[in-house]
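These values consider heavy atoms only, across backbone and side chains, with no hydrogens, waters or symmetry-generated copies. Every chain is numbered from 1, with letters handed out A, B, ... down the list of sequences. Here the structure is a predicted model, which is why all the values come from computation and not from measurement.
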Amino acid sequence: MAGPTFVADAPDALSHVALESLTAIYHAPSGMTHLLAPPAPQILAALANRPGTAEDVLARIAESFDLETEDAAAAMSARLGELEAAGLVRRA
Amino acid sequence: MRHRLDLTIGPVSFRIGSAWPQPIAQLAALYAPYPKPAGIADFTVRLEPEKPWRRLVRPSVAIHGDYTLPDAAPLPLAQGLLAAEMGMNLQMALGQKRFLLLHAATVERDGHALLLTGHSGAGKSTLAAMLGEAGWRFLGDEFALLDPVTGLIHPFPRAISLKNQSLALFDSAAPDRLGPVLKGTPKGTIRHLRPPADAIARMAEPARPALILFPRFNRDFEPETRPVGAAETFVRLTQASTNYVALGRPGFDALTRLVTVTPSFAIDYRSGEEAAALIDTLWSNAT
Amino acid sequence: MKDARLLTRLLADPARMAEVRDWTGLICTARAESLLGSLAFRLADAPVPAQVAAILEDARQDAAYARTQALWEAEMAQRALGDIPLILLKGTAYAAANLPAGEGRSIGDLDILVPREQLDTAEAALLAAGWEWVKEDAYDDLYYRTWMHELPPLIHRDRDRMIDVHHTILPPTARPTPDAAALANDSIALPNGMRILCPEDMILHAVAHLFADGDLAGGLRNLWDIDRLLRRFAVTEGFWARLAARADRHQLRPHAARALRLARRVYETPIDNSLAGRAHATDALYIRRLLARDGWGRERRPFTRLGFYVRSHWLRMPPLMLARHLLTKARKPR
Amino acid sequence: MRVTMSDKRDELNEAEGLARPSRRVVLALGAAAASTVVTIRPALAQTAGSVLNCEIPVPAPEAAGSHISADGSLVPAGTQGAFPPAPRPITGEEAKALLNGGPTPAGMDAEAAQAYTNYIRRLQSGMSGFTCYASLQMPR
């Protein structure tokens, strides 16, 4: 399953502020503010300037986290879809 | 325009023009002790008839100005003072870009500001007015102006808009501080109250925010205090601000800083005294 | 202030600042004409009173944010359209190409040009990416699709921003018929892959926009666009001859000539006299209409305005069609 | 602005159940249908009462003559089960009451008022009445 390749903006396009378990981000290219719940910030970090498929992202995140989900592939593609709609990741 | 009044309130100045003398005369009386503006107005408000002949025939006041909203319905001339107040609010809501605008009532003590925010009808105007008569300095009952550079709240002490039952609470105020009773407005019966003299005298003095409260008035609730987390406060305040999005990065920095350093609580109260007691407790813990 | 003359004189030459007696009136007029941001850029280095400086600084910040939003909307449209070329029009084009016309300019909807044969594909791609129709009314839809030069307006469901998808720059019913294929074929690629019209077409589009849209409403801003574009591009070799040839190709020669004469009268734009032609008696009427804004931000001379309104509809539609349009509108109870 | 406060609250509460930072963190990816991104939209909400005395024509003048079906969509006049246009514009205060399940405005049929309420819910930016509607979407 190859799936589309995504990429996120360089880290300097975003300002992060942790608000309890959430992350508020200001996305400079759009001027928009988003509130992210995990694993969205981790996905953005995994894709910053580094294109990858959903599988690649899962592998990159698994380097630092234990993943806990029944259908990881479906969940990851849903997360990427949300981030794409918000303009935070794009097709590479 | 035929009739004109210039007003300076805190860091903002207005030029108000009217096709009729009454709204201007009422405004001039209500704002009599305010300092005279230096000459240049940030915003222009126009109170004018929708069609030229409506100046004299069944006169109704359309609210126009630098910024105007579609869907706005005019008000009868008897409510011209309310139209002027709404006109100034409208310019602030749509045009203010120097300060992050929070829909909140604000009072100050010892250089620290207390913000009361929440939807209209929560009682924040009345609470701020009461606190303003009881040892706090009144900063504003409508908009808190957060300076994105300094993080300070600037006073914007406009006339307080008392609604319905709360009119009776201020019957004993000096008569020259009260505007006409406006019956049958979209928000019921309204009467404007000029803020206390020290609020006007010190309207150039900002204050550091120390406590954010989301008050809720309801006779059927037991009094209650609930801490509100930074994320929830953040989202609620973005929705209580008309210019958060338009301010871009400075707005984000200012608001995230505010919610991460300022304690925030929701309070339920049944009477002014009960609210004052809850506020006292929270205030002494916060400052 | 009885009209907007001081505003236009100041835009043309900021050194005239000393003439300003009523800053409040000037700022109010500029806001009403959507020119406060442009004025703020022109006066950026001028020694204005402190209160005025603060208002102008706010206006510059506001313009910077408008620019961010407009460019982001273009970016999202580009992501949605994929291989269909994205040709930016008006404000977003000026911002994307960093033209002086974009400095301080407010930008509303995203206007793009799509070749007619790719219109259906573009529409489908936008609908798939979250844009939705603004109006559901079948008459308006049919009206747009049959008689207008653009799709009915679309709005993005999450970002609340509108997009106008044009396939040419004037309604097919208007008397001049611009060469729509040439507009797309001669467009220019920017480094990010988005495209803009070639300079001459960009100017002619601004000209068409000035005369064809409504009641000359917002005319001072549209004419300011023309001034900025002309000053920027007239310095290149052979510009005026190319502009004349292009105006002929798009059947906009008389409109371009009039716009040049108005720009010279209102903004002192240096222009080519032979292309501008001899002053016409009605030029004065246009100028009166353009400047009809008082120091309270109110439009003046309602009779002049009405004349222009009727005229603008006649320019866009053949008479019988106008009658049908007005009838349908009139039958709908208000 | 269509993300109402209560939606956001739910998402915030949901999110609190997710990962907490520690050394080797367990990261839940969430159900496919869950949401991990909330975008802040421009608001007029709480201030609107102070700036606006507004009305919502049902339907908007752009669509005048259309009838309103029970789900609030616009349909041609005479459609079975649809309601005729509202006899007068609905005021901001009346719309607020309707959206909160309150009383039917004076002079209107209760079922028709429900259809009008659904119409108001479906208003989009650019349509007459939208600014008014948007201003009523108050967090509470």
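- The two residues B/E232 and A/E20 come nearest to each other via the heavy atoms N-OE1, 4.5 Å.
- Looking only at side-chain heavy atoms (C-beta outward), B/F252 and A/V17 come within less than 4.5 Å of each other.
- Only the backbone of A/A18 comes within contact range of chain B, with at least one heavy atom under 4.5 Å from a heavy atom of that chain.
- Defined by atom type and a distance below 3.5 Å, a donor-acceptor pair is present between the side-chain atoms of A/T33 and B/Y244.
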